[in-house]
Amino acid sequence: MRIVLPALTAAVLCSLATGMSQASPLSVDEKVRNALQLDQRPANGQKLYSTYCVQCHGPQALGSAAKVIPSLAGQRRAYLVKQLADFSEEERSNREMHTVVSQAELSSEQAWADLSGYLNSLPRASFPQTGDGRGLELGEAIFQEQCAYCHEEDGRGDDDGFIPSVRDQHYSYLVRQMRSIASWHRLNVDADLVRFLDSLDTEEATAVADYLSRMRGPVRDRDRMNSDGTVNN
Ligand code: HEC
Ligand code: HEC
């Protein structure tokens, strides 16, 4: 059998041989942790949003059901930071978002902190698209049985574990994400999540998405949220 030396190994051997060493780049999870430690500057987040994001995600960050663009208003901060980092590091594939986050001004941890602070503070000002309403009982049963222990029974998510809010989101986007996560278009995720979503057939996936798209309520940072998901402000 012929053994091929991988390029990476060759590079490592080469740097050892010449005594050169390079500081190892931060992993995506380290970058996310750093971004979450930074002060958020929502005013700068708003400025960045109106320059780079508004044309797709809309003036109030409510997305577009027809174009399958997610609502970002009120989404959890920890999750938003992680998604921006994942797009930036190509851990989550989407051509449009790669193009956006590859701009110099958007590739820093501070930019992710500022954008997510701003987006988390926005109200969900209108209702998202829902499905046809025929599978709601099935959707509820699946969600409460298989998904609620991570996403919480009212879909509000959790900053610990980077779990997104799945309520107030467009039906079309939820259906598409459930399908694409199941086919590994996000690499930086737990294999269990991929398996859960892959186990649903089309009828089940559309039923859960319809059920979720009808869930309403504010989603804010944990420190401003009561245990029942309501906020004092
Ligand atoms: C050219 C259109 C376009 C622009 C501009 C754009 N986005 Fe997006 N964004 C998308 C699409 C499409 C998706 C859905 C990607 C997918 O299906 O995986 C998305 C997804 C996201 C997500 C993931 C949301 C979730 O629930 O997982 C975040 C966060 C996001 N965008 C933030 C931003 C921010 C912040 C900006 C500006 C810096 C921005 N986007 C600019 C099109 C765009
Ligand atoms: C083990 C915990 C866990 C379970 C169980 C789970 N999820 Fe998730 N889910 C997550 C996490 C974490 C993410 C974010 C992944 C990432 O970082 O990209 C996520 C992402 C999602 C998204 C994408 C949201 C967006 O805005 O793009 C949808 C939709 C979703 N889950 C639906 C479900 C459904 C439906 C079920 C049950 C069949 C389920 N999840 C079960 C943890 C879980």
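Starting from 1, each residue takes its place in the sequence as its number. Atoms within each ligand, like the ligands themselves, are counted from 1 in listed order.
- The ligand atoms of ligand 2 that sit less than 4.0 angstrom from a heavy atom of F196 are 5 (C).
- Within a 6.0 Å radius of CZ in R179, more than 12 heavy atoms belonging to other residues, nucleotides or ligands are found.
- Ligand 2 does not have D192 within reach: every non-hydrogen atom of the residue lies 4.0 Å or more from it.
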Next item on the list: Start with the C-alpha distance between D29 and N188, add both sets of side-chain angles, then the distance that settles side-chain contact (heavy atoms from CB on, under 4.5 Å), and finish with yes or no.
Entry: CA-CA 9 Å; D29 293 337; N188 190 14; 3.2 Å; yes

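- In the vicinity of L174, heavy-atom distances shorter than 4.0 Å reach the ligand 2 atoms 29 (C).
- Looking from atom 17 (O) of ligand 1 to the surrounding protein, the closest heavy atom is Q177 NE2, 3.0 Å.
- Around CD of Q60, the count of heavy atoms belonging to other residues, nucleotides or ligands within 6.0 Å does not exceed 12.
- Under the 4.0 angstrom criterion for non-hydrogen atoms, P70 is not in contact with ligand 2.
- Aromatic ring pairs are classed by plane angle as parallel below 30°, tilted from 30° to 60° and perpendicular above 60°; the pair Y49 and H57 is tilted.
- Among all non-hydrogen protein atoms, the one lying nearest atom 18 (O) of ligand 2 is R186 NH1, 2.7 Å.
- Backbone and side-chain nitrogen or oxygen atoms of R92 are examined, and one is located within less than 3.5 angstrom of a nitrogen or oxygen of ligand 1.
- In terms of protein heavy-atom proximity, atom 30 (C) of ligand 2 is nearest to H151 NE2, 3.7 Å.
- Aromatic ring orientation, F143 versus Y211: tilted (interplanar angle from 30° to 60°).
- Atoms CD and CG, on Q40 and N120 in that order, are 7.5 Å from each other to the nearest 0.5 Å.
- Short contacts between ligand 2 and V208, defined as distances under 4.0 Å to a heavy atom of the residue, involve ligand atoms 35 (C).
- Residues L36 and L38 do not share a hydrophobic cluster, defined by chaining ILVMFWY side chains whose heavy atoms lie under 4.5 Å apart.
- Inclusion of C147 in the first shell of atom 8 (Fe) of ligand 2 is not supported: no N, O or S atom falls under 2.8 Å.
- In terms of polar-atom proximity, defined here as any N/O pair under 3.5 Å, Y79 does make such a contact with ligand 1.
- The shortest side-chain heavy-atom distance between Y171 and T206 falls under the 4.5 Å cut-off.
- Checked against a 3.5 angstrom limit, the closest N/O atoms of K82 and ligand 2 fall inside it.
- From the protein, the heavy atom lying nearest to atom 3 (C) of ligand 1 is C56 SG, 2.7 Å.
- Remark: D192 engages R195 in a salt bridge, criterion side-chain N to carboxylate O under 4.0 Å.
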Checklist line | Chi angles and distances behind the side-chain contact (heavy atoms from CB on, under 4.5 Å) call for E91, R186 | finding: CA-CA 6 Å; E91 296 279 345; R186 298 190 197 186; over 6 Å; no

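- In the vicinity of L106, heavy-atom distances shorter than 4.0 Å reach the ligand 1 atoms 38 (C).
- Taking every non-hydrogen atom of L197 and a distance limit under 4.0 Å, the qualifying atoms of ligand 2 come out as 33 (C), 34 (C), 35 (C), 36 (C).
- Below 3.5 Å of separation, one finds no N or O of E96 facing any N or O of ligand 1.
- Each of the atoms 4 (C), 5 (C), 6 (C), 37 (C), 38 (C), 41 (C) of ligand 1 lies under 4.0 Å from some heavy atom of V100.
- Here E105 contributes atom CD and N44 contributes atom CG; the two are 7.0 Å apart, rounded to the nearest 0.5 Å.
- Because the distance cut-off is set at 2.8 Å, C53 fails to qualify as a neighbour of atom 8 (Fe) of ligand 1, as none of its N, O or S atoms comes that close.
- At the top of the distance list for atom 22 (C) of ligand 1, counting protein heavy atoms only, stands F87 CE1, 3.6 Å.
- Under a 4.0 Å criterion applied to the non-hydrogen atoms of M178, ligand 2 contributes the atoms 29 (C), 35 (C).
- Comment: R214 engages D210 in a salt bridge, judged by a side-chain N to carboxylate O separation of less than 4.0 angstrom.
- Other residues, nucleotides and ligands place more than 12 heavy atoms under 6.0 Å from the CD atom of Q55.
- Not one N or O of Q169 is nearer than 3.5 Å to an N or O of ligand 2, by distance alone.
- Inclusion of H57 in the set of residues having an N or O under 3.5 Å from an N or O of ligand 1 is warranted.
- Annotation: Y173 places an N or O atom under 3.5 Å from an N or O atom of ligand 2; distance criterion only.
- Remark: ligand 1 atoms within the under-4.0 Å shell around heavy atoms of H185 are 18 (O).
- When each of K47, R41, R77 is checked for a salt bridge (Lys or Arg N to Asp or Glu O under 4.0 Å) with D114, only R41 meets the rule.
- Between R124 and S165 the shortest side-chain heavy-atom distance falls below 4.5 Å.
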Next item on the list: Please assess L80 against W112 for the test side-chain contact (heavy atoms from CB on, under 4.5 Å), listing each intermediate value before the final yes or no.
Entry: CA-CA 8 Å; L80 288 170; W112 305 337; over 6 Å; no

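- Coordination check, N94 versus atom 8 (Fe) of ligand 1: failed, since every N/O/S atom of the residue sits at 2.8 Å or beyond.
- Residue L80 approaches ligand 1 through these ligand atoms, each under 4.0 Å from one of its heavy atoms: 29 (C).
- Atoms of ligand 2 lying under 4.0 Å from any heavy atom of V189, numbered from 1 in the order shown and given with element: 15 (C), 16 (C), 18 (O).
- Looking only at heavy atoms of the protein, atom 28 (C) of ligand 2 is closest to V166 CG1, 3.9 Å.
- The distance from atom OG of S107 to atom CD of E89, rounded to the nearest 0.5 Å, is 9.5 Å.
- Under the 4.0 angstrom criterion for non-hydrogen atoms, L72 is in contact with ligand 1.
- Of the protein's heavy atoms, P164 CD, 3.4 Å lies nearest to atom 13 (C) of ligand 2.
- Rounded to the nearest 0.5 angstrom, L84 CG and L106 CG are separated by 8.5 Å.
- Shown in contact with G161 at under 4.0 Å from a heavy atom are these atoms of ligand 2, numbered in order with element: 12 (C).
- Close approach to C150 involves these atoms of ligand 2, each under 4.0 Å from a residue heavy atom: 1 (C), 2 (C), 3 (C), 4 (C), 5 (C), 43 (C).
- Of all protein heavy atoms, the one closest to atom 33 (C) of ligand 1 is M97 CE, 3.4 Å.
- Closest protein heavy atom to atom 19 (C) of ligand 2: L193 CD2, 3.4 Å.
- Using 4.0 Å as the threshold, Q103 has no heavy atom nearer than that to any atom of ligand 1.
- Annotation: side chain of R76 is in contact with side chain of R156 (closest heavy-atom distance under 4.5 Å).
- Of the protein's non-hydrogen atoms, Y52 O, 3.3 Å is the one closest to atom 5 (C) of ligand 1.
- Counted by atom type alone, N34 and E30 present zero donor-acceptor pairs between their side chains at under 3.5 Å.
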